[in-house]
Number of protein chains: 2
Amino acid sequence: MPHGRPLRAVTIAHVARAAGVAPMTVSRVINTPEQVAEATAARVREAIAQLGYVPNLMAGGLSSRRSRMIAAVVPTIAHPMFAMLIDRFTASLRAAGYQVMLSLTGYMDASAEAELVHGLLGRRPDGILVTGVGHAPPTQQMLSEAGIPVVEIFDAGPNPIDVLIGFDHEAVGRRVAEYFLARGHDSFAMFAAADQRARSRQRGFVERVASAGGRLLDASILPAPSTITAGREAMRALVPRLDRRTALFCSSDLMAFGAIVEAQQHGIAVPERLAVCGFGDFEISAANEPPFTTVTVEASQIGLDAAAIILARLAGEPTQRRIEVPFRIVERASG
Amino acid sequence: MPHGRPLRAVTIAHVARAAGVAPMTVSRVINTPEQVAEATAARVREAIAQLGYVPNLMAGGLSSRRSRMIAAVVPTIAHPMFAMLIDRFTASLRAAGYQVMLSLTGYMDASAEAELVHGLLGRRPDGILVTGVGHAPPTQQMLSEAGIPVVEIFDAGPNPIDVLIGFDHEAVGRRVAEYFLARGHDSFAMFAAADQRARSRQRGFVERVASAGGRLLDASILPAPSTITAGREAMRALVPRLDRRTALFCSSDLMAFGAIVEAQQHGIAVPERLAVCGFGDFEISAANEPPFTTVTVEASQIGLDAAAIILARLAGEPTQRRIEVPFRIVERASG
DNA sequence: TTGTATGCGTTATCAA
DNA sequence: TTGATAACGCATACAA
């Protein structure tokens, strides 16, 4: 006879007794009310309210083999893009009767991430969303063997586990380089956070600049997560080496803001002497003075698409395996 | 014979068979390895790895009546204070073998919140953290009847459900008013988001200003969540009514930043003509130019304390029922 | 429309 | 140190 904490837990059996019906009828009132006569249902609901019954979803999930829960793994939610994305993802799934179990990886190493995913899968989610591609092999294997829809977001790559919704970060870097090149720039710099995807953007930018014969003053890697302060410090170091006109790409709007603030402190005119492009289209890029150019991605669309795909898969419908999310440069006063 | 999705799920029985032991022995290897002979344990671990076994935590939780999961409910994580708090909370609990199930309420109404909490409690968390006090009665009742540690954070009030860790937001408002009064101000304004706690801060500020006979130019309520843009707009409206020297308190650093940017656009000197104090000690308050005065709270300490209290309670130890979290004004160039 | 029997995958308990 | 057994609370499948 198992025995854990001193329970006075109300179960479906208590409710059934109180309502004078079988437990299965209570279950129906909760899950498929259309199958129950209204008079019976009313009695049952009354008993549920009376007793403060909260169905045990572990028991229900074990029995039905459906947890009605979707796991989501993102690096952070301090980043407005992810905050938005998760907001929409959660709302869509909630509307469909699913709970979202959100986990943040921060800047976890691969083995900690594997452990996290292992724990999550132990709860038997009906689907899972993970950020990025190219996870460590143990993580990949767990995910693909879980037998549930797996949506990788916010990146692109050749071998998605199941479904991939994102964009190519190197392409972003290239596009920004081309944007600057088209405006006649020939002196460049790029600050990136020490983050997989930020580095991809840097790679794309640097390569495109090189292929156009541009002069690259700086391609710093700053500690992740990116901060305003990091942008200021990197800018402080760059100031003495600035050309008469330099174009700077930052892997995040926070860094870009820091770079602008610091440049202005040194009397460097933005955009005349220093053109700046950020990434993320955070509120500050539009609300700052001067507002600054940035790269925008429909993060909320990623959240909506991810939820829709998971729901479709759970309904047994076929879905796309790959959604390319567009990004675009929003030109503002910073150049 | 129940049957859900077409499962080829590996269970503890498969592992046991592969290792030539009883299921219970496998369970022990996972949960209490010190009770198993090393040779046996090695064989079992081998089988686990071989089969890619991921223990079903719903089954384990149902049987043991412990989910090893803690629920956390916060309004947002876009707010750095909550991001930090949740980060520490999660890390502490993870180290103790608990998973955190994070939910965001955004700016949900009371009934949606009750539904959320109901769903959460259905997973039978071993403890729960919720933001704020004074939830709707149904929510309060569910929480207190759940029979688990309940920690309310980030606020203060007379009747905590179980444990309360936070501070009095009205006291924050009063303190900021006193800070300005001590610097000789007699003209004041306050921008607050339409959020319970922000309004408390506003109330404290306004009342203290009134009791000192100060002149209150403005006490706007702006839509939640607070944004830079809202700060700019509120400031734009205030500019024509500014006295020769006015002190502004904003319910968030984001708003304060917006107010400063807008004021500067209008050629209003900060702090000479307009003194500004924000709330939250976000990075931008220190990294902006000029850096601005704000109110800081040890948010990470709240996360640590909340985790520690829940763990202590689960270990059957008595704990404090109320922790007052200190806050303090960080004086910077904005006045 | 409602009820009965059974098993989901694990662990507490007791026995060996 | 290991194993057998009986729940945990619910929903599937089938019967009435």
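Below, chain A is the first sequence line, B the second, and so on; all start at residue 1.
- Closest of all the heavy-atom pairs between B/S92 and B/L311 is O-CD1, 4.3 Å.
- If you measure from atom CG of B/N56 to atom C1' of C/dC8, you get 8 Å, rounded to the nearest angstrom.
- Taking 4.0 angstrom as the limit, A/S27 places a side-chain polar atom (N or O) nearer than this to OP1 or OP2 of D/dA11.
- Projected onto DNA chain D by closest heavy-atom contact, B/A22 and B/L62 fall at different nucleotides, the more 5' of which corresponds to B/A22.
- Atom CZ in B/R65 sits roughly 10 Å away from atom P in D/dC10 (whole-Å rounding).
- Note: CD1 (B/I12) to C1' (C/dC8) measures 14 Å, nearest angstrom.
- Atom CE in A/M58 sits about 14 Å away from atom P in C/dT10, given to the nearest Å.
- Computed from coordinates, the B/H14 NE2 to C/dC8 P distance equals 10 Å when rounded to whole Å.
- A donor-acceptor pair shorter than 3.5 Å cannot be found between the side chains of B/R88 and B/Q301.
- The existence of a salt bridge linking A/R45 and A/E38 is confirmed by a sub-4.0 Å separation between a basic side-chain nitrogen and an acidic carboxylate oxygen.
- Checking B/V36 against A/L57, the closest nucleotide of DNA chain D that is more toward the 5' end is the one next to B/V36.
- The nearest whole Å value for the distance from the CZ atom in A/R43 to the C1' atom in C/dT1 is 12 Å.
- The main-chain N or O of B/H135 is found under 3.5 Å from a side-chain atom of B/Q140 such that the two form a donor-acceptor pair.
- For A/S63 and C/dG7, a side-chain-to-base donor-acceptor distance below 3.5 Å is present, hydrogens and geometry of angles not being considered.
- Per the geometry, CZ belonging to A/R17 stands 14 Å off P belonging to C/dG3, to the nearest Å.
- With hydrogens and angles ignored, no donor-acceptor pair under 3.5 angstrom links the side chain of B/R124 to the base of D/dG9.
- Listed nucleotides: C/dG9, C/dT13, D/dG9. Nearest to the side chain of B/A59: C/dG9.
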Item checked: salt bridge (charged side-chain N to carboxylate O under 4.0 Å, His left out) between B/D126 and B/R68, worked out -> CA-CA 6 Å; B/D126 292 332; B/R68 295 213 149 270; over 6 Å; no
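- Between the C1' atom of C/dT4 and the CZ atom of A/R28 lies a distance of 11 Å, rounded to the nearest Å.
- For B/T25, a side-chain nitrogen or oxygen approaches OP1 or OP2 of D/dG3 to under 4.0 Å.
- For a distance-only test at 3.5 Å, the side chain of B/S64 fails to qualify as a donor-acceptor partner of the base of C/dT11.
- Using a 4.0 Å heavy-atom criterion, one finds that B/P23 contacts no nucleic acid atom at all.
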